[in-house]
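Inspection log for the structure reproduced underneath, given as structure tokens.
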2 protein chains.
Amino acid sequence: MDSLDNISRIERNPDMTRQRILEAAFLEIYRNGFQGMRLDEVLTATGLTKGALYHHFPNKRALGYAVVDEIILPTVEGMWLQPLKNAADPLQGLKTVIEQLPEMKPPEMIRYGCPLNNLAQEMSPLDEGFRQRLDYIFCVWHDVTEQALERARQQGRIREDIDCNETATFILAALEGCIGMAKNAQSEARLVACNRGLIDYLHSLET
Amino acid sequence: MDSLDNISRIERNPDMTRQRILEAAFLEIYRNGFQGMRLDEVLTATGLTKGALYHHFPNKRALGYAVVDEIILPTVEGMWLQPLKNAADPLQGLKTVIEQLPEMKPPEMIRYGCPLNNLAQEMSPLDEGFRQRLDYIFCVWHDVTEQALERARQQGRIREDIDCNETATFILAALEGCIGMAKNAQSEARLVACNRGLIDYLHSLET
DNA sequence: TATTCTACAGACTAACCGGTCGGTTGGCAA
DNA sequence: TTGCCAACCGACCGGTTAGTCTGTAGAATA
């Protein structure tokens, strides 16, 4: 029969239902914060009901955790980690990924900022479960950046005296800071200007 | 009579009542965000009632605006702007004010981050009134930093080719980013490490 | 002293929101 | 065909919360 075709059907596909809930919840969290997310909004966005949501997730917090684990983490890996890991020239890879920042999802990024950092700033002081999950993502991101810097050092592209660990931390902090400044100003020009400062900093690391 | 002594009395001093509400609201916003602030918590913290609050402020949003204008702005001016304006050596002044960051209010700063940036990140996309007020503070802060950089350049302390405007923007962004990283990690060591990166960046500006 | 207004007190309300629970439906196994 | 269970529906509930309204005490004013 057409049982395999059912993947494309909307009805009675629990995995897809769960995924739709996750994606709608992610958008709501991205726009309003976790505390500002309303489950009713998630439901109207998906066309589902309370029963469906609470069948897949025990409560609001668990839904938030799942958004971090199953939406935000893979997104960060796809947008940041994979490009950096694969780059033959890691220093150039860093610059490229930073320079491309204003171009991807421009309106959303300027208006709502970085989903990872938004959630971290909101929830880290309030909920240890969120904090650990988000900190884990930052740690992974940090380690990949640090390794890129170390490879650049081995290639003789950056100075010997650079502490790759601390530098990677600072790069992430500055990057999130730039996005935050642009978000508060609601200005893409601000993001571009701020990013130039970060690129200049990367130049100052070179030999 | 003792009419002048009434300033020290708690009862029937509307200015002091208003100020107490503002300070309690600031703390609640600082810890839970504006959306997370509960008016009842503000009232129990002050020992007042709904009548007092709604006598001084028309609604929750107006209270939030007043916190920005009358608490956060003066605090930023006292902690950042005055020290920078007065510094005979503006470059050293910048470094000093950054290095002292981990030492002031250490537990609160690590746990809850920067009140100005917290509120900006939460409310800028959601409420234009908040955004404008918070952006104004960032602009003032930026201008003072830019002027400090320009004085440093006139003194020949930093390179001629530096764009003081963009550099000031980046310094603020990086600084807020550092505080955010420390907050997410809940780690003072992270703040110190991140700040070192910022100080190193300032060194890279010198001649 | 009488009057009036400011500065509160505190009970109340309407709406919202996370979560529950009994019921229904569709698909699959026996 | 029947029985069963995961998947989902949607009405309902209880607690919470911003905001309202009536009342009152104290200070200023006349």
Side-chain angles (χ1 to χ4, degrees), chain A residues 1-25 28-29 31-67 122-123 126-127 129-130, chain B residues 1-25 28-29 31-67 122-123 126-127 129-130:
Chain A
M1 301 292 274
D2 59 350
S3 63
L4 285 177
D5 288 29
N6 276 352
I7 294 174
S8 63
R9 299 283 295 280
I10 293 180
E11 299 164 7
R12 287 279 167 179
N13 189 329
D15 290 345
M16 181 174 289
T17 298
R18 185 188 150 90
Q19 191 65 21
R20 280 168 59 211
I21 295 174
L22 281 175
E23 285 167 9
E28 276 294 307
I29 292 173
R31 294 204 253 251
N32 301 105
F34 175 74
Q35 297 180 94
M37 165 178 73
R38 304 301 160 200
L39 297 183
D40 284 344
E41 289 298 313
V42 175
L43 297 178
T44 52
T46 55
L48 295 165
T49 60
K50 281 283 173 71
L53 197 156
Y54 278 89
H55 175 73
H56 288 283
F57 304 95
N59 50 43
K60 184 184 179 184
R61 183 191 300 192
L63 173 59
Y65 289 174
V67 165
E122 178 191 3
M123 295 308 294
L126 303 179
D127 185 289
F130 270 112
Chain B
M1 302 295 274
D2 58 350
S3 62
L4 286 177
D5 289 31
N6 276 353
I7 294 173
S8 62
R9 298 283 297 280
I10 294 179
E11 299 165 6
R12 285 280 166 178
N13 189 328
D15 290 345
M16 181 174 288
T17 299
R18 186 187 150 90
Q19 192 64 22
R20 280 167 59 209
I21 294 173
L22 281 175
E23 285 168 9
E28 276 294 306
I29 292 174
R31 295 204 253 251
N32 301 105
F34 175 75
Q35 297 181 93
M37 164 178 73
R38 304 301 159 198
L39 297 184
D40 283 345
E41 289 299 313
V42 174
L43 297 179
T44 52
T46 56
L48 294 166
T49 61
K50 280 282 172 72
L53 197 155
Y54 279 90
H55 175 74
H56 288 282
F57 304 95
N59 50 43
K60 184 184 178 182
R61 184 191 301 191
L63 173 59
Y65 289 175
V67 165
E122 178 191 4
M123 295 308 294
L126 302 179
D127 186 288
F130 270 112

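Remember, it's a predicted structure, so these values are computed and weren't measured experimentally. Naming: A, B, ... by sequence-line order, numbering from 1 per chain.
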Evaluate the side-chain proximity of A:D127 to A:Y65: yes if any heavy-atom separation is below 4.5 Å, no if none is. yes

Find out whether A:L126 and B:R31 are in side-chain contact, i.e. whether some heavy atom of one side chain is under 4.5 Å from a heavy atom of the other. no

Without decimals, in angstroms, what is the distance between B:L43 CG and C:dC8 P? 13 Å

Assess whether side-chain contact (heavy atoms from CB on, under 4.5 Å) is satisfied between A:L22 and A:F57, documenting all intermediate values. CA-CA 10 Å; A:L22 281 175; A:F57 304 95; 3.8 Å; yes

For residues A:R18 and A:I21, determine if any side-chain heavy atom of one lies less than 4.5 Å from a side-chain heavy atom of the other. no

Atom pair CD (A:E28) and CZ (A:R38), whose distance is rounded to the nearest 0.5 Å: 9.5 Å

Scanning both residues in full, the closest heavy-atom pair of B:K50 with B:L43 reads N-CD1, 3.6 Å

Output one line per pair: protein atom, nucleotide atom from nucleotides 5-7 of chain C, and distance, for all N/O pairs under 3.5 Å.
unit_1	atom_1	unit_2	atom_2	d
C:dT6	O2	B:R12	NH1	3.2
C:dA7	OP2	B:H55	NE2	3.1
C:dA7	O4'	B:R12	NH1	2.9
C:dA7	N3	B:R12	NH2	3.1

Can you tell me if A:K60 uses its side chain to pair, donor with acceptor, with the backbone of A:F34 under 3.5 Å? yes

Given axes from five pairs at either end, by how many degrees does the helix from C:dT1-D:dA30 to C:dA30-D:dT1 bend, rounded to 10°? 0°

Return the value, rounded to whole Å, for the distance between atom CZ of A:R20 and atom C1' of D:dA7. 13 Å

Just so I know, are the side chains of A:T46 and A:L53 near enough to count as touching, which here means a heavy-atom distance under 4.5 Å? no

Go through it in stages, so that I can follow the logic: the residues are A:Q35 and B:Q35, the test is side-chain contact (heavy atoms from CB on, under 4.5 Å), and I'd like the CA-CA distance, side-chain angles, deciding distance and then a yes or no. CA-CA 8 Å; A:Q35 297 180 94; B:Q35 297 181 93; 5.6 Å; no

Should A:M37 and A:L63 be marked as a side-chain contact (heavy atoms from CB on, under 4.5 Å) after you check the CA-CA gap, both sets of side-chain angles, and the distance that decides it? CA-CA 11 Å; A:M37 165 178 73; A:L63 173 59; 4.2 Å; yes

Using a cut-off of under 3.5 Å, enumerate the N/O to N/O pairs linking the protein to nucleotides 17-23 of chain D.
unit_1	atom_1	unit_2	atom_2	d
D:dT17	OP1	B:R38	NE	3.1
D:dA18	OP1	B:M37	O	3.2
D:dA18	OP2	B:L39	N	3.1
D:dA18	N7	B:K50	NZ	3.4
D:dG19	OP2	B:Y54	OH	3.1
D:dG19	OP2	B:K60	N	2.8
D:dG19	N7	B:K50	NZ	3.0
D:dG19	O6	B:K50	NZ	2.7

Looking at D:dC9, I'd like to know if its phosphate oxygens (OP1 or OP2) sit under 4.0 Å from a side-chain N or O belonging to A:T49. yes

